[in-house]
Amino acid sequence: MARSVTTRRKIINTALAWSIGLLIFFPILWTILTSFKTEATAIANPPQFFFFDWTLENYAVVQERSNYARFLWNSIIIAGGSTILGIIIAIPAAWSMAFVPSKRTKDILLWMLSTKMLPAVGVLYPLYLIFIELGLLDTRIGLTIVLMLVNLPIIVWMLYTYFREIPGEILEAARMDGASLRSEILYVLTPMAVPGIASTLLLNFILAWNEAFWTLNLTAAKAAPLTAFIASYSSPEGLFYAKLSAASTMAIAPILILGWFSQKQLVRGLTFGAVK
Amino acid sequence: MATQHSRSAARLMMAPAVILLLGWMLVPLTMTLYFSFKKYLPLRGGDLGWAGFDNYVRFVTSSAFWPSVQATLVIVGGVLLITVALGIVLALLLDQPMWGQGVVRILVIAPFFVMPTVSALVWKNMFMDPVNGLFAHLWAFFGAQPIEWLSQASLASIILIVSWQWLPFATLILLTAIQSLDSEQLEASEMDGAPPLSRFMWIILPHLARAITIVVLIQTIFLLSIFAEIFVTTGGAFGSRTLTYLIYQRVLESLNVGLGSAGGIYAVILANIIAIFLMRIVGKNLDA
C-alpha cells in the first residue's frame with residue numbers, strides 16, 4: 001500500500017526536489033551552455049543564460065587545434081580494453097567462487113578487495129620504474145593493464161554477487177545431462193549472467209574512463225586519454241572558457257549518457273554488494 | 001555436489017585473477033618498502049646506500065608533514081560531513097512522492113560521472129575565478145568584494161568541489177537503503193501519532209546506520225587519495241597539500257624516492273586501518 005499524500009504536499013516536494021536537482025546539475029548545464037557561446041559572451045557580466053548567439057565554432061576549434069579525436073580514441077581503447085580484459089579474467093574466477101565455494105572463498109574475496117584500497121601514490125615510483133624498464137611508459141597497452149588491475153577487484157566482486165543469484169540447481173541439471181564444464185559455462189551460465197556482465201562492463205568502463213591518477217602520471221603525449229587532455233587546459237595561457245567548456249562537454253557527454261543507464265548497478269558495484 | 005574434479009578446476013579458474021592481483025600488490029609494494037630504507041635520489045647520485053629508518057623519521061619530522069595531515073583531515077572530514085548530512089536530506093526528499101522523480105534522480109546523480117579533471121577545471125575557472133567566475137559576478141552583484149577562492153579559501157574550495165562529486169554517491173546509497181525500509185513500520189508509527197522528527201530519529205536513522213557506515217568508509221578510502229582535484233586547482237599550494245600530494249611531490253617532483261616511499265608506506269598503513277573496518281562489514285554481509 002502506497003503512502004497517501006495530499007496534492008499540496010506533492011507540489012511542495014516536487015518544487016523542492018527540482019530546485020535542488022537543478023542546483024546540483026547547474027555546473028554541468030553551465031558548462032554545456034558556455035560551450036555554445038563565443039569567448040566574449042562566455043565571460044560577460046551579467047552572465048548570459050539562454051539568449052545569446054549559439055555557435056558551434058568552439059567544437060571545431062578544439063578538434064582542429066588539439067586533435068581531440070586522438071585523445072578520445074585513447075580513452076576508448078584504454079577504458080574499453082581494460083574493462084574487457086578484466087571481464088575475461090574475472091568471469092572464471094567469479095564463477096568458481098560463486099558455484100564451487102570453499103572455506104577460503106570469503107577470505108580470497110576480501111583480500112582482493114583489500115588490494116583496491118592500496119593507495120596508488122604509495123606504489124607510484126615502483127610502477128614508474130617498471131614501466132620505464134618494460135618500455136610501457138606512455139603506451140596504451142601499459143595503461144590498459146594498470147587500469148585492468150585497478151578495477152579487477154570490483155569486476156570480480158560485481159560478477160560474484162550477480163552469479164550468486166543464479167540458482168545452482170540449473171547448473172547441476174546441466175551437469176547431470178552430461179554438459180562439460182566448458183559448455184556449462186558457455187551455454188547455461190553465460191546467457192543467465194548476461195545482464196550482470198553487461199552492468200559490470202558498463203560501470204567499470206565508466207570508472208576506467210574517469211580514472212585520473214594513473215592516466216595523469218603514466219602518460220605524456222602519445223597515450224594520453226581525455227583526463228590528461230582536459231588537465232592540459234589548466235595552464236593559464238591556453239585558457240578560454242568557451243573552448244574549455246566545449247572540450248569538457250565532449251569529454252563527459254558519452255559517460256553521462258552511459259552513467260544514466262548504470263545508476264542502479266552503481267550502488268551494488270561500489271559498495272561491493274553490501275547495499276542492494 | 002562439487003566433485004574433486006570440479007574443485008581443482010575451480011581453483012584453476014581462480015588462478016589468473018589471484019596471481020595477477022598478488023603480483024600487482026606484492027611487486028610494487030615490496031619495491032616501495034625497499035626504497036623506503038634507502039637513500040635514493042635518481043638525479044643526484046642514485047642509490048646512496050641504506051638509510052635505516054632515517055626516511056621514516058625525516059618524513060614525519062619535516063615541516064610539511066603535519067600541515068599535510070591537517071589538510072587531509074580537514075578535506076576528508078569536511079567532505080564526509082557535507083555529503084552524509086546532505087545525502088540523508090536529499091535521499092529522504094527523493095523518497096517522497098513527486099512528479100518527475102526519475103528526472104530529478106538523474107540530475108542529482110550526474111556529477112558522479114564527470115571526470116575529476118573536468119569538474120576541477122570547470123569549478124576553478126568558471127565558478128571560482130576571482131575576475132570572470134560566476135561567484136565573482138554574484139558577489140559583485142551584491143556589492144561584495146569577490147573572493148580569490150583557491151588562494152584565500154583553498155581548503156573550503158576543494159571541499160566544495162569534492163563534495164559536489166561525491167554527494168551523488170552518498171545520496172544514491174542512502175536512497176537505496178531508505179527504499180528497503182519496511183513501510184508498514186513507518187505507517188504504524190504514523191498512526192500511533194509519532195511526529196516526523198521522532199520517526200526519523202527512531203526508525204529511519206537506525207535503519208540507515210549501516211548504509212551510512214559504508215558510505216563513510218568507502219568515501220574515506222577514495223578521499224584519502226584524491227589527486228586530480230588538487231593537481232588541477234592549486235597544485236598543492238595555499239595549504240592544500242594533502243598527504244597523498246606531499247608523497248607525490250617527494251617522489252616525482254623533488255625526486256627523493258627514499259623519502260617519498262617512506263611516506264607511501266605510512267599512507268598504506270593508514271588506508272589499511274580504515275580498510276579493516278570496511279572489510280568487517282562487507283565480510284559479515286557475505287555470510288548472510
Side-chain angles (χ1 to χ4, degrees), chain A residues 5 10 13-14 16-18 21-22 24-25 27-28 30-31 43 45 47 89-90 92-93 95-96 100 106 110 112 114-115 117-127 149 152 156 181 206 210 212-213 227 230-231 233-234 241 244 248 251-252 255-256 259-260 263 266-267 271-272 274-275, chain B residues 2 6-7 9-10 13-14 16-17 20-21 24-25 28-29 31-32 93-94 96-99 104 106-111 113-118 121-122 125-126 132 134 137 172-173 176-177 211 214 221 225 227-228 232 244 247-248 251 257 264 267-268 271 275 279 281-283 285-286:
Chain A
V5 286
K10 202 169 168 182
N13 285 341
T14 308
L16 208 59
W18 275 86
L22 285 172
I24 291 174
F25 189 72
I28 298 172
W30 186 243
T31 307
I43 55 169
N45 188 14
I89 294 165
W95 182 90
S96 70
V100 198
K106 188 180 147 186
L110 287 178
M112 283 187 170
S114 75
T115 65
M117 297 171 187
L118 209 65
V121 75
V123 294
L124 174 59
Y125 194 74
L127 214 65
L149 290 166
L152 190 57
V156 171
L181 193 63
I206 294 170
N210 286 344
F213 182 79
T227 43
I230 295 293
Y233 269 74
S234 62
Y241 284 10
L244 166 70
S248 299
I252 62 175
I255 285 311
L256 275 181
W260 290 335
Q263 42 167 319
L266 192 71
V267 173
T271 63
F272 311 102
V275 176
Chain B
S6 70
R7 276 212 185 287
M13 285 157 67
M14 238 187 305
L20 278 172
L21 281 175
W24 168 240
M25 184 183 77
L29 202 57
M31 288 170 76
T32 300
L93 181 62
L94 285 176
Q96 303 292 317
M98 69 178 75
W99 289 289
V104 176
I106 286 171
L107 293 179
V108 170
I109 293 166
F113 299 115
V114 176
M115 58 174 67
T117 46
V118 167
L121 212 54
V122 164
N125 293 305
M126 290 164 57
N132 292 320
L134 270 190
H137 293 335
L172 204 56
I173 287 175
T176 312
I214 290 167
I221 286 164
S225 54
F227 176 77
V232 170
T244 297
I247 299 167
Y248 161 79
V251 172
V257 175
V268 170
M279 300 294 192
I281 297 184
V282 175
N285 204 60
L286 270 184

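Any value given below was found using the heavy atoms of this structure, including those in side chains, with hydrogens, waters and symmetry copies removed. The sequence lines fix the lettering, A, B, ..., with proteins before strands; numbering per chain opens at 1.
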Reported [atom1]-to-[atom2] distance for the pair [X] and [Y], which is rounded to 0.5 angstrom:
| X | Y | atom1 | atom2 | answer |
| --- | --- | --- | --- | --- |
| A:Leu244 | B:Asn125 | CG | CG | 5.5 Å |
| B:Phe113 | A:Ile255 | CZ | CD1 | 8.5 Å |
| A:Leu124 | B:Tyr248 | CG | OH | 8.0 Å |
| A:Trp18 | B:Leu93 | CH2 | CG | 13.0 Å |
| A:Leu256 | B:Met115 | CG | CE | 10.0 Å |

Over all heavy atoms of both residues, which pair between [X] and [Y] is shortest? Give the atoms and the distance, please.
| X | Y | value |
| --- | --- | --- |
| A:Gly21 | B:Leu107 | O-CB, 3.7 Å |
| B:Val118 | A:Ser248 | CG1-CB, 3.7 Å |
| A:Ala93 | B:Ala17 | CB-CB, 3.8 Å |
| A:Ala212 | B:Pro116 | CB-CG, 4.1 Å |
| B:Met126 | A:Thr31 | CE-CA, 4.0 Å |
| A:Lys10 | B:Pro97 | CG-O, 3.6 Å |

Which atoms of [X] come close to chain A, meaning under 4.5 Å heavy atom to heavy atom: side chain ones, backbone ones, both, or neither?
| X | answer |
| --- | --- |
| B:Ile221 | side chain |
| B:Val108 | both |
| B:Ile247 | both |
| B:Leu20 | both |

inquiry  = Counting heavy-atom pairs under 4.5 Å with chain A, which one of B:Pro16, B:Ala267, B:Ser225 comes out on top?
reply    = B:Ala267
key: Trace of the side-chain contact (heavy atoms from CB on, under 4.5 Å) decision for B:Phe227 with A:Val121   = CA-CA 9 Å; B:Phe227 176 77; A:Val121 75; over 6 Å; no
Does any heavy atom of chain B fall under 4.5 Å from the side chain of [X], the backbone, both, or neither of them?
| X | value |
| --- | --- |
| A:Leu118 | side chain |
| A:Ile89 | both |
| A:Ala90 | neither |

key: Side chains of B:Pro111 and A:Ile24 in contact at under 4.5 Å (non-hydrogen atoms)   = yes
query = For B:Met25, does its backbone N or O pair with a side-chain atom of A:Thr115 as donor and acceptor, under 3.5 Å?
reply = no
query = Has the side chain of A:Trp30 got a donor or acceptor atom that lies under 3.5 Å from a matching backbone atom of B:Val122?
reply = no
